[in-house]
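Taking it in order: structure first as structure tokens, then the write-up.
The figures here come from the full heavy-atom set of this structure, side chains too, leaving out hydrogens, waters and symmetry mates. Note that ligands are numbered from 1 as they come in the structure, with each ligand's atoms numbered from 1 the same way. These numbers were taken from a predicted model, which means no experiment stands behind them.
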Amino acid sequence: MSREPRSIGIFDSGIGGLTVVAEVARQLPNEEIVYFGDTARLPYGPKSTETVIQFAIQDSEFLLRQDVKMIVIACNTASAVALGELRDRYDVPIVGVIEPGALAAVSSTLNGKVGVIGTEGTIASHAYRESIRRLDSEIEIVEQSCPLFVPLAEEGWTDREVTLVVAHEYLAPLRDAGVDVVVLGCTHYPILKQTVQKVLGPAVKLIDSAEETARDVAQILAEFDMANDGGEKPVHRFFVSDVPHRFREQAERFLGAELPDVSVVTIDELTATGR
Ligand code: DGL
């Protein structure tokens, strides 16, 4: 039984990382979470590697100022390009969403053909492909960016005709290749799970990186004896860099619950150096 009461820091480009918060809270109900969503500067998906790394450093520094014991990069794009840089810089364990998703894909495929969908940034980095190949070099990987999925998920258009049409278009190469596993390599895609499943058919297994990441977090906390196994019910804290129109409504969709109070962190605060 360990009792490390410091919070787990989780960041994302915006609200999509709340899918990871929901899973971490479900799997680790004693852990307190500090969440930062960079809503003023999203999306990260189409931005350059340099810019995303710079933002990821600022997001991490903010979380470290909140005295977190671990950082979870809940954003696939930031995980794809900034994980190594953040691990080099900071002493606390840093968990990204790519490795857990890749591991789950490798252990789930039966025919050795895996599909990966994500933002342009994630797909262009080939981070999933490399991570999967490190685990099994024989696996055939089909990568596809699906940029329109992000606004469709934010709009809540989970079961509209337009979403189905877009999904058919994006997922055709994965269907043609006969993949039996597809990694939902973006925070927003679990929201569109049903549509993706409909297009790919029931035999294709979808890997939700949020679920896999939460499992990884639990494992690391246990390994380093850093879990908080007891104490009072945790009070999570939520910070964003802007509160855009319809933010609350969207956030509820991603979190699966009503969002408590959110505090705004200004870009000036975010870009201030030093902890
Ligand atoms: N959070 C991003 C990701 O998982 C999606 C949204 C964005 O492009 O910022 O890649």
Side-chain angles (χ1 to χ4, degrees), residues 9-24 35-60 63 71-83 86 94-102 104-105 115-129 131 143-158 166 170 182-193 196 206-214 216 238-242 244 246-247 250-251 253-255 267 270:
I10 302 182
F11 79 83
D12 175 42
S13 55
I15 53 175
L18 291 175
T19 54
V20 177
V21 171
E23 268 306 311
V24 171
Y35 181 79
F36 174 68
D38 198 2
T39 42
R41 303 189 293 191
L42 69 80
Y44 283 8
K47 296 206 165 71
S48 72
T49 299
E50 295 71 26
T51 299
V52 175
I53 291 177
Q54 190 193 2
F55 288 174
I57 291 170
Q58 292 164 356
D59 302 346
S60 302
L63 289 174
I71 292 177
V72 181
I73 315 172
C75 175
N76 286 257
T77 310
S79 296
V81 302
L83 178 68
L86 299 185
I94 314 272
V95 178
V97 287
I98 308 279
E99 288 160 350
V116 177
I117 55 176
T119 64
E120 300 101 300
T122 299
I123 296 305
S125 76
H126 300 298
Y128 273 107
R129 189 176 75 186
S131 205
E143 299 169 292
Q144 175 68 48
S145 66
C146 309
L148 293 175
F149 277 0
V150 168
L152 286 168
E154 290 194 354
E155 202 60 28
W157 286 8
T158 47
V166 168
Y170 283 146
V182 170
V183 181
L184 303 175
C186 173
T187 49
H188 286 57
Y189 299 176
I191 305 283
L192 303 175
K193 218 176 194 170
V196 172
L206 302 182
I207 305 290
D208 178 338
S209 48
E211 254 173 60
E212 302 305 328
T213 303
D216 214 32
F238 295 87
F239 297 88
V240 291
S241 47
D242 191 13
R246 295 177 63 193
F247 174 75
Q250 290 173 343
R253 198 173 304 130
F254 285 85
L255 190 60
I267 296 295
L270 210 55

(message) For residues 44-53, which residue pairs pass the salt bridge (Lys or Arg N to Asp or Glu O under 4.0 Å) check, not counting sequence neighbours?
(response) none
(message) Is any side-chain heavy atom of D59 closer than 4.5 Å to one of Y44?
(response) yes
One line per pair, note the atom names and distance for all nitrogen or oxygen contacts under 3.5 Å between ligand 1 and the protein.
unit_1   : atom_1 : unit_2 : atom_2 : d
ligand 1 : 1 (N)  : D12    : OD1    : 2.8
ligand 1 : 1 (N)  : S13    : OG     : 3.1
ligand 1 : 1 (N)  : T187   : OG1    : 3.0
ligand 1 : 4 (O)  : N76    : N      : 3.0
ligand 1 : 4 (O)  : N76    : ND2    : 3.3
ligand 1 : 4 (O)  : T187   : N      : 3.0
ligand 1 : 4 (O)  : T187   : OG1    : 3.2
ligand 1 : 8 (O)  : Y44    : N      : 3.4
ligand 1 : 8 (O)  : G45    : N      : 2.8
ligand 1 : 9 (O)  : S13    : OG     : 2.6
ligand 1 : 9 (O)  : Y44    : N      : 2.7
ligand 1 : 10 (O) : T77    : N      : 3.1
ligand 1 : 10 (O) : T77    : OG1    : 2.6

(request) Could you tell me which residues satisfy side-chain hydrogen bond (donor to acceptor under 3.5 Å, both in side chains) with E143, sequence neighbours excluded, listed by chain and number? (result) H126
(message) Can you confirm whether the side chains of T122 and T119 place a donor and an acceptor under 3.5 Å from each other?
(response) yes
(request) Taking S145 for its side chain and E120 for its backbone only, find out whether a donor-acceptor pair lies under 3.5 Å. (result) no
Indicate every side-chain donor-acceptor pair of residues 11-19 with a distance under 3.5 Å to a residue at least two apart or in another chain.
unit_1 : atom_1 : unit_2 : atom_2 : d
D12    : OD2    : G14    : N      : 3.2
D12    : OD2    : G16    : N      : 3.1
D12    : OD2    : G17    : N      : 2.8
T19    : OG1    : G16    : O      : 2.8
T19    : OG1    : T187   : O      : 3.3

